[in-house]
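Letters A, B, ... are given to chains in the order of the sequence lines, protein chains preceding strands, and every chain is numbered from 1.
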Amino acid sequence: MHFSFLPSVAEQLFKDIQKIYQDTSQIPDDMLIALKFVFGTCALQALDLVDQRSVTCLSSPSGRRTFQVTGGSGRTYTCFVSCHFCPCPAFAYTVLRRNEGLLCKHLLAVYLSQAMGVTQQEAVSDQEMTTLLSTTTRTDH
Amino acid sequence: MTDILTLVFKTLTSRGELAAVDDGSLSAVAPARSALVVGERALSRTMLLLAAVTAASESGLRVFFLTQTQIQSLPVALHSRVPGLTPAALKKIKFCYPRTFEELLVQVAGLHESSHSPPSSPALIIVDGLECYLCSPAPCTSSRLQTSEQCSAAHLSALLCDTASFLTQVLEKHGSAHAPCRLITSYQPQRNSEQSGEASVDSVLDVLDRYFQVRCTLDQDRSYESTSGGLQQVWNIYLSSCLEVKETSCKKDDMESKEEQPVQEWRLLLSADGLMEFKLAQKH
């Protein structure tokens, strides 16, 4: 069993979204309201990122995977989802420092993209993966 | 990874005391894959070395040990008390000495590469002295610097946990009996001399607590009873697992609802010649 960093209400919400999106290709209003209730203002921002297909799953020959999210300004953020980390200022301030949010919009966009099956896929070399995982600053494009 | 720490404690428990240690009391703390040892630097380092040697010799695990300061020799306590300690067992431990935070990140991030593929994948990752990599030497009063330190702590912790999850998948895929990959780190809290009154909050420790499942706190017992027995030092060791339930709320005060699981408590007796003996203190 993996140690979960999400409260069960959020996990269940993503499962429900996955199921209904598979059937209808839509997220109904009541689920959007629930998303906003659980995650606050970053819910709509995350949905915008999903609409723009901003989330990419990078994988390397070793089998290692990580996620990159392209933000609104074109900057990309390398995120961990198994245990929540994003190098964006909102994660550092709102989540870590102020403890006022569960996720930033980039991490939430990863969860939603995975639930909806719209994550882009990209292959990188093992060395490129090591660089991505260990780079301390966001990448500007 | 409470199983590794508990194994360390049991290995260095005297025979007389060992009879009193039953598995029911030890199972008070739920099994976990990651632990953060919090306390005085030298003792934490010794504990982590004990964990590495015990894991390699008693459980046959491959260990990857990262620390800033080179290890010159093994603690005295190890020589006579760890039964399976052999040169072959010690070869299972790979020591690495990254000098900076960035070098540490690269070492951990690179664990997935082919040089670390099975059968050489580590099943235990140990990082000693996180404060050496994360904290500035002077007391941190700038909120911007504090946020930067918190972000670094989160990046490193998340990378360690994510890497351990990946290595667990690798070990399981190859049918290794050593899965899951465990993680132990140590951190000595910083004292912010600018804050007065109530105990100052270590902002980096707050972040580390988010990522590690179990905290092992080392607390020196300075009571008269402890110091009068002729022993050099007596320490209380608390193993506690915390499941943090963070719910979004309008009120900041409601944020920190940590459900603490039962505590496992040990006492460590350190003699003047460096020998260590653990005793299970009490059930909770």
Side-chain angles (χ1 to χ4, degrees), chain A residues 1-10 35-43 59-67 78-104 107 125-138, chain B residues 31-34 101-117 143 146-170 173 180 203 206-207 210-213 241 243-252 254-256:
Chain A
M1 188 188 82
H2 290 283
F3 185 59
S4 172
F5 288 79
L6 272 185
S8 53
V9 62
L35 260 180
K36 198 173 169 208
F37 185 74
V38 174
F39 294 107
T41 52
C42 77
S59 53
S60 73
S62 67
R64 195 81 160 89
R65 294 191 323 159
T66 191
F67 292 90
T78 302
C79 301
F80 298 107
V81 167
S82 69
C83 49
H84 296 176
F85 173 75
C86 179
C88 77
F91 183 82
Y93 188 71
T94 308
V95 178
L96 293 181
R97 185 156 178 78
R98 303 276 299 171
N99 206 14
E100 286 174 357
L102 281 172
L103 304 172
C104 64
L107 285 169
S125 70
D126 283 342
Q127 280 184 331
E128 283 170 331
M129 177 63 75
T130 296
T131 303
L132 281 165
L133 295 173
S134 58
T135 300
T136 54
T137 53
R138 62 180 185 268
Chain B
R33 295 188 187 182
S34 62
F101 172 66
E102 288 73 23
E103 284 182 29
L104 176 58
L105 284 181
V106 170
Q107 286 294 334
V108 177
L111 278 172
H112 72 101
E113 293 190 30
S114 59
S115 58
H116 297 278
S117 60
S143 62
Q146 274 187 359
T147 304
S148 169
E149 284 184 348
Q150 283 184 316
C151 201
S152 298
H155 185 179
L156 175 60
S157 304
L159 178 60
L160 282 165
C161 293
D162 200 64
T163 301
S165 289
F166 169 73
L167 291 173
T168 296
Q169 290 170 19
V170 170
K173 189 176 163 188
S203 58
D206 273 353
V207 170
R210 287 173 171 266
Y211 292 95
F212 296 95
Q213 295 167 288
S241 58
L243 291 176
E244 289 197 60
V245 179
K246 287 187 164 56
E247 305 286 352
T248 48
S249 164
C250 299
K251 294 182 184 176
K252 186 182 170 188
D254 292 345
M255 282 299 147
E256 294 174 16

Which bit of S60(A) is near chain B, if near means a heavy-atom gap under 4.5 Å: side chain, backbone, both or neither?
side chain
Angle between ring planes, F85(A) versus F91(A), binned at 30° and 60°: parallel, tilted or perpendicular?
perpendicular
Would you check if there is a donor-acceptor pair between the side chains of H112(B) and T130(A) at a distance under 3.5 Å?
yes
Given the options Q127(A), R65(A), R64(A), which has more heavy-atom pairs under 4.5 Å with chain B than any of the others?
R64(A)
I'd like to know if the side chain of D126(A) reaches the main chain of E113(B), judged simply by a donor and an acceptor atom lying under 3.5 Å from each other, with no hydrogens or angles considered.
no
What part of V106(B) gets within 4.5 angstrom of chain A, counting heavy atoms only: side chain, backbone, both, or neither?
both
Could you tell me which portion of S148(B) (side chain, backbone, both or neither) has an atom closer than 4.5 angstrom to a non-hydrogen atom of chain A?
neither
D206(B)/R97(A) ion pair, N-O < 4.0 Å:
no
